[in-house]
Amino acid sequence: DTGVSQDPRHKITKRGQNVTFRCDPISEHNRLYWYRQTLGQGPEFLTYFQNEAQLEKSRLLSDRFSAERPKGSFSTLEIQRTEQGDSAMYLCASSLANRNSGRSDEQFFGPGTRLTVL
Amino acid sequence: GNSVTQMEGPVTLSEEAFLTINCTYTATGYPSLFWYVQYPGEGLQLLLKATKADDKGSNKGFEATYRKETTSFHLEKGSVQVSDSAVYFCAWRGEKLTFGTGTRLTIIP
């Protein structure tokens, strides 16, 4: 399967614990995005990378959240000191951006990681 | 600010009924517009898109036309099937995607 993969698919944790999620994009894609989706809402943008550079972060991304893409391939999203309000589906997407124009093609989404904070 | 306003659900229709899900957007410039679909237990999938005014996106019998004058991108299908039951999201893209809240569609036989 050459689509976007995410691990784990489900995570249950206690309030105050740290969690880390992984996203493996489609291999030739240079852009990687993280979104958060809460129940009954559409996905909300968190951050995105072009290769290993983090180009934009939403104000939703508090200082407890950190994302990395160290080698420009897979990415991790870490949440420190989790709170119940962090419970959501965390979605990863990837796309191929034109190196000259900077315009990005279609974003392909992974299945998501569902986080439940007790 | 930039946003997408989407018809609230849930929407329940009988098989073979006509479907319209309304979507309007507020954005600077002329963004690309999308409809994504999320089937039960699956990830988001692109259903159709339009990149400029008057473009019509179509896929699987669904259509949506990019209307600049009304800043709308309503989703339509002439005859829905049970397999169309899913949550539908309207979105526009600058660099990132901005989604509507989603409309849950249930088709009953």
Side-chain angles (χ1 to χ4, degrees), chain A residues 1-7 9-10 21 23-26 30-50 53-61 67 88-98 101-114, chain B residues 1-11 21-27 29-52 55 57-59 64 73 75 86-106:
Chain A
D1 190 316
T2 56
V4 179
S5 62
Q6 292 186 245
D7 183 70
R9 294 291 303 275
H10 303 274
F21 309 141
C23 171
D24 286 89
I26 294 171
N30 51 9
R31 288 203 176 162
L32 187 149
Y33 305 78
W34 286 99
Y35 294 84
R36 182 174 69 185
Q37 186 179 15
T38 54
L39 201 61
Q41 299 297 314
E44 296 173 294
F45 170 78
L46 292 178
T47 187
Y48 88 96
F49 294 83
Q50 172 140 338
Q54 190 172 17
L55 295 188
E56 186 176 348
K57 293 193 292 185
S58 163
R59 66 180 185 276
L60 294 175
L61 213 65
M89 176 77 84
Y90 289 84
L91 298 171
C92 177
S94 70
S95 70
L96 183 62
N98 184 287
S101 69
R103 289 188 62 83
S104 181
D105 206 346
E106 175 188 345
Q107 292 183 24
F108 291 84
F109 282 81
T113 295
R114 183 171 294 284
Chain B
N2 302 323
S3 65
V4 175
T5 301
Q6 190 174 336
M7 174 179 173
E8 292 186 10
V11 174
I21 301 178
N22 290 337
C23 171
T24 58
Y25 67 91
T26 303
Y30 303 108
S32 296
L33 300 174
F34 303 82
W35 278 99
Y36 279 81
V37 59
Q38 192 169 36
Y39 297 104
E42 298 185 17
L44 279 168
Q45 300 175 25
L46 178 65
L47 179 61
L48 54 84
K49 67 179 181 182
T51 57
K52 60 183 186 294
D55 264 4
S58 61
N59 185 26
F73 194 54
L75 183 69
V87 182
Y88 292 82
F89 294 93
C90 185
W92 72 264
R93 188 187 71 200
E95 179 42 61
K96 56 188 179 286
L97 286 164
T98 299
F99 288 88
T101 55
T103 302
R104 181 175 297 278
L105 175 67
T106 302

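Since we're looking at a predicted model, the values are computed, not measured. A, B, ... follow the sequence lines: proteins, then strands. Residue 1 opens every chain.
Neither the backbone nor the side chain of Glu44(A) comes within contact range of chain B, judged by heavy atoms closer than 4.5 Å. Proximity to chain B (any heavy atom under 4.5 Å) is restricted, for Gln37(A), to the side chain, taken from C-beta onward. For chain B, no part of Leu55(A) is nearby; none of its heavy atoms comes within less than 4.5 Å. Using a 4.5 Å cut-off between heavy atoms, Gln45(B) makes no contact with chain A at all. Residue Phe34(B): no heavy atom, backbone or side chain, is found under 4.5 Å from chain A.
Considering Tyr36(B), Trp92(B), Tyr88(B) in turn, Tyr36(B) is the only one that fulfils the ring-ring contact (aromatic ring centres under 6.0 Å, His included) rule with Phe99(B).
Side-chain contact check for Gln6(B) and Thr103(B): at least one donor-acceptor pair (N or O, by modelled atom type) lies under 3.5 Å.
The pair Glu56(A)-Lys96(B) meets the salt-bridge criterion, with a side-chain N (NZ, NE, NH1 or NH2) lying under 4.0 Å from an Asp/Glu carboxylate O.
For an aromatic pair to be called close, the ring centres must be under 6.0 Å apart, and Phe109(A) with Tyr35(A) satisfies this.
If you tally non-hydrogen atom pairs under 4.5 Å between each of Thr98(B), Leu97(B), Leu46(B), Val4(B) and chain A, the highest count goes to Leu97(B).
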> Can you list the steps and then say if Thr47(A) with Gln54(A) is a side-chain hydrogen bond (donor to acceptor under 3.5 Å, both in side chains)?
Replying inline: CA-CA 7 Å; Thr47(A) 187; Gln54(A) 190 172 17; 2.7 Å; yes

